[in-house]
Amino acid sequence: MKIGGRRHYLTVQVATRTDDGQGGGENTWTDTYYEWASARFLSGSRSLDNGGVLYRKAVEFEIRKRTDYTLGTGHRIKWNDEFYTIYSVLPSDKLDDLKVLAYV
């Protein structure tokens, strides 16, 4: 990767269950760590949904592999005020990087 290829600052979040004190609860998203990444747009679409337009896009992020944390499909990525659901985490061609396929 060229110097400056990782110019996108993103937040990795994990779902955390919070108890409501009445036997129930809900999942909230907690910031886990921040990372510089490269982002490559893969595809996009739009459709009508309940009278509004629903936009979908797929992005491939390439981030540094961390030894202190394992990234998986139970996480999500916040980037440019959008939340991306992680569908797969793959090893990159380089040993110290990961390719993350995510959709919004």
Side-chain angles (χ1 to χ4, degrees):
M1 171 171 292
K2 296 179 188 175
I3 295 174
R6 291 194 180 148
R7 61 177 147 242
H8 305 284
Y9 197 61
L10 52 87
T11 305
V12 175
Q13 297 180 324
V14 66
T16 306
R17 183 102 174 135
T18 56
D19 187 15
D20 65 1
Q22 299 176 2
E26 65 178 343
N27 285 336
T28 58
W29 291 93
T30 305
D31 294 352
T32 304
Y33 64 91
Y34 306 93
E35 190 69 53
W36 288 99
S38 66
R40 185 168 65 104
F41 180 75
L42 298 176
S43 67
S45 67
R46 66 178 182 212
S47 61
L48 291 176
D49 182 39
N50 292 332
V53 179
L54 176 67
Y55 295 96
R56 299 220 4 118
K57 59 183 158 182
V59 177
E60 177 185 87
F61 297 101
E62 188 168 271
I63 65 172
R64 182 176 56 91
K65 185 178 187 180
R66 296 176 62 122
T67 57
D68 61 337
Y69 201 82
T70 302
L71 183 64
T73 57
H75 298 85
R76 74 176 182 182
I77 292 174
K78 180 182 177 190
W79 177 57
N80 287 344
D81 294 326
E82 294 179 319
F83 298 99
Y84 290 81
T85 302
I86 297 175
Y87 282 93
S88 65
V89 179
L90 306 167
S92 177
D93 299 334
K94 298 179 235 34
L95 294 177
D96 60 341
D97 289 344
L98 295 173
K99 287 190 179 184
V100 180
L101 302 177
Y103 297 88
V104 63

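Below, all heavy atoms of this structure are taken into account, side chains as well, without hydrogens, waters or symmetry copies.
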Shared hydrophobic cluster, Leu98 / Leu101 (ILVMFWY, side-chain heavy atoms < 4.5 Å): no
Atom pairs and distances, donor-acceptor, side-chain atoms in residues 72-79, under 3.5 Å, two or more places apart:
unit_1 : atom_1 : unit_2 : atom_2 : d
His75  : ND1    : Gly72  : N      : 3.1
His75  : ND1    : Gly72  : O      : 3.3
His75  : NE2    : Tyr69  : OH     : 2.9
Arg76  : NE     : Gln13  : OE1    : 2.7
Arg76  : NH2    : Gln13  : OE1    : 3.1

Enclosure of Arg46 CZ (heavy-atom neighbours >12, cutoff 6.0 Å): no
Smallest separation among heavy atoms of Asp19 and Gly24, with atom names: OD1-O, 2.8 Å
CG (Asp81) with more than 12 external heavy atoms under 6.0 Å: no
Criterion ring pair (Phe, Tyr, Trp, His ring centres under 6.0 Å) against Phe61, the qualifying member of Tyr87, Phe41, Tyr84: Tyr84
Check: Asp20 side chain, Gln22 main-chain N or O, donor-acceptor pair, under 3.5 Å: yes
Between CG on residue Leu71 and CD1 on residue Ile63, distance to nearest 0.5 Å: 5.0 Å
Nearest atoms (heavy-atom pairs only) where Gly5 meets Ser38: O-CB, 3.3 Å
Set of side chain to side chain donor-acceptor pair (under 3.5 Å) partners for Tyr33, sequence neighbours left out: none
Other cluster members, Tyr34 - Ile/Leu/Val/Met/Phe/Trp/Tyr, side-chain contacts below 4.5 Å: Tyr9, Trp36
Beyond-backbone contact of Val14 with Val12, side-chain heavy atoms, under 4.5 angstrom: no
4.5 Å side-chain heavy-atom contact, Asp97 and Arg6: yes
Nearest-0.5 Å distance that lies between atom CG in Leu42 and atom OH in Tyr103: 7.0 Å
Reported OG1-to-NZ distance for the pair Thr70 and Lys65, which is rounded to 0.5 angstrom: 9.0 Å
Closest approach of Ser92 to Lys99 (non-hydrogen atoms, all atoms of both residues): OG-CE, 4.0 Å
